[in-house]
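Because the structure is a prediction, the values reported are computed rather than measured. Atoms considered below: every heavy atom in the structure, side chains included; atoms not considered: hydrogens, waters and symmetry mates.
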Protein chains: 2
Amino acid sequence: MKKLMSFKAGDLIYMSGQNGPAYKVVSGTIRLSQTNRNHQALFANLAIAGDLLGAEVLLRKPYTFEVYALTDCEISVWQEPTMLWAEALAEELIKSSLRQTEVVSLRCGTAMERVLRFINLVKPSNQNLAHGNLTLPPLKETAEITDLTIETVSRCINSLRKQGILIPVQGARGNLRNQFTFSDQSLISLAA
Amino acid sequence: MKKLMSFKAGDLIYMSGQNGPAYKVVSGTIRLSQTNRNHQALFANLAIAGDLLGAEVLLRKPYTFEVYALTDCEISVWQEPTMLWAEALAEELIKSSLRQTEVVSLRCGTAMERVLRFINLVKPSNQNLAHGNLTLPPLKETAEITDLTIETVSRCINSLRKQGILIPVQGARGNLRNQFTFSDQSLISLAA
DNA sequence: CGGCTTCTTGAAAAGTATCAAATATAGTGG
DNA sequence: CCACTATATTTGATACTTTTCAAGAAGCCG
């Protein structure tokens, strides 16, 4: 059994330039950023369950990106097979290039289309059920990833709420921030 | 000496599902698309000089993307080293994940910022000179890549022309389409 | 020289960003 | 458990950018 490491939304997982192992994402959503000359963290990519993180260390390079948990998440150290490890690595990397195609599509079309695509990417996909729980990252993150403003993202999500597509989760003292249940398949069809 | 294959702007290089070798881009700009269920070619990624194309065939998979020449370009069959080929492949794939970060940045900011970033990506970079030739793809392509409309891209490019940053190349019967010289470093500074 | 495609330009409409302020949620210490 | 505070989200009004639609011009090709 591989040891799981858990992170809370917003936690730093590792920094650019450091050394460490490569990881596999078990659950949750993870953000990869690159810090530019002005010390701004530019969004570069996402990783979700099944994706490999920090593969560059296997080629004796330090980590390329800053990596943060967007939502609560679990990762495990990637145990590369002793035989043919590079082949296994290449396979993972090709998979990750497909992920990045999805990320590019998060910048296409209207605000609502982008937000819907993002929700579908973040939403736990193991269940093709008509019902499920959904934890979104802070609006600031969603806004950077979709290249929208916080206000626009907020308006989109509230519109989905008013349509009954997203239902806020109740806590002891009001709604829980960015936690929803989605009531039907409208999400999937809307984002197509 | 490796054999070069030349393609003209707009040529199909290979199609998704086919089999063939992996290639290395020698010059020019190449577009990778994915055809969706509605038979639309969705822009997925770019490849420029130094990038690997179709690496998935080395893992005995058919080509994943449709690949077109955006500008005239040259590619050569990638001769993977017999020893440690998978390691070399992994190295190339990591490089390509950095390219995709640039592609994401082509969807950020104002129309003019996006077009400038695209021009800088397409512009032959081997020369850090203050002067050079530039072949842009048809507006339709530039528009899809930057997620703008053809009209908006046209307005940006013409604005750069009026500012004297891009200068059309003269042919026998008027200007050549999408061919320019750029007169100074303004491009680089503007896109930063 | 046509005929066709691509590019250009203008005016109006739509969509988002911006700015400012109010409200909601989460965290902390009594 | 409650009050208090800091942070995040929501909402409205306005300004700005980009899209849309419709011609017209320019470049390309046989």
Next item on the list: Kindly point out which of C:dT16, D:dT18, D:dT20 is positioned nearest to the side chain of B:R155?
Entry: D:dT20

Checklist line | Separation of C:dG15 C1' from A:D147 CG (nearest whole Å) | finding: 14 Å

Checklist line | Verdict with supporting geometry, B:I48 and B:R99, side-chain contact (heavy atoms from CB on, under 4.5 Å) | finding: CA-CA 9 Å; B:I48 64 172; B:R99 159 89 40 253; 3.3 Å; yes

Notebook entry, point to check: Starting at the 5' end of DNA chain C and moving along, which residue's nearest nucleotide shows up first, B:R161 or A:A111?
Noted result: B:R161

Next item on the list: For A:L139 and C:dA26, give me the distance from atom CG to atom P, rounded to whole Å.
Entry: 13 Å

Item checked: Salt-bridge present (A:E92, A:K24; N to O < 4.0 Å) -> yes

Note to self: Could you walk me through whether A:Y68 and A:D11 satisfy the side-chain contact (heavy atoms from CB on, under 4.5 Å) test, starting with their C-alpha distance in whole Å, then the side-chain angles of each, then the deciding distance to 0.1 Å, before giving a yes or no?
What the structure shows: CA-CA 6 Å; A:Y68 291 89; A:D11 285 355; over 6 Å; no

Note to self: What I want to find out is whether B:E66 reaches B:R31 closely enough, with some N-O distance under 4.0 Å, to be called a salt bridge.
What the structure shows: no

Checklist line | For DNA chain C, the residues among residues 170-179 of chain B that have a non-hydrogen atom under 4.0 Å from it | finding: B:R173, B:R177, B:N178

Notebook entry, point to check: Which whole-number value in Å describes the distance from A:K140 NZ to C:dA26 P?
Noted result: 18 Å

Notebook entry, point to check: Does a side-chain N or O from B:T152 land closer than 4.0 Å to OP1 or OP2 of D:dT19, or not?
Noted result: yes

Next item on the list: Return the value, rounded to whole Å, for the distance between atom CD of B:E113 and atom P of C:dA17.
Entry: 13 Å

Next item on the list: May I ask you to verify whether the side chain of A:E151 and the base of C:dC19 hold a donor-acceptor pair under 3.5 Å?
Entry: yes

Note to self: Can you measure B:F180 atom CZ to D:dG27 atom P for me and round it to whole angstrom units?
What the structure shows: 11 Å

Next item on the list: Can you figure out which of C:dA17, D:dT10, D:dT18 approaches the side chain of A:L148 most closely?
Entry: C:dA17

Checklist line | Gap between atoms NZ and P, on B:K8 and D:dC28 respectively (whole Å) | finding: 13 Å

Check: To the nearest Å, how far apart are A:I150 CD1 and C:dC19 P?
Finding: 13 Å

Checklist line | With B:I30, the side chain to side chain contact (heavy atoms under 4.5 Å, CB included) member among B:I13, B:L70, B:D51 | finding: B:I13

Checklist line | Nearest-nucleotide 5' precedence on DNA chain C, B:I157 against A:M112 | finding: B:I157

Notebook entry, point to check: Between C:dT16 and A:T149, is there an OP1 or OP2 to side-chain N/O distance shorter than 4.0 Å?
Noted result: no

Item checked: OP1 or OP2 of C:dC7 under 4.0 Å from side-chain N/O of B:N158 -> no

Margin query: Can you tell me if A:S154 touches the phosphate of D:dT9, counting only side-chain N or O atoms and a distance under 4.0 Å to OP1 or OP2?
Written below: no

Check: B:N45 and A:Q100: side-chain donor and acceptor closer than 3.5 Å?
Finding: no

Item checked: Distance-only polar pair, side chains of B:E56 and B:T64, donor-acceptor under 3.5 Å -> yes

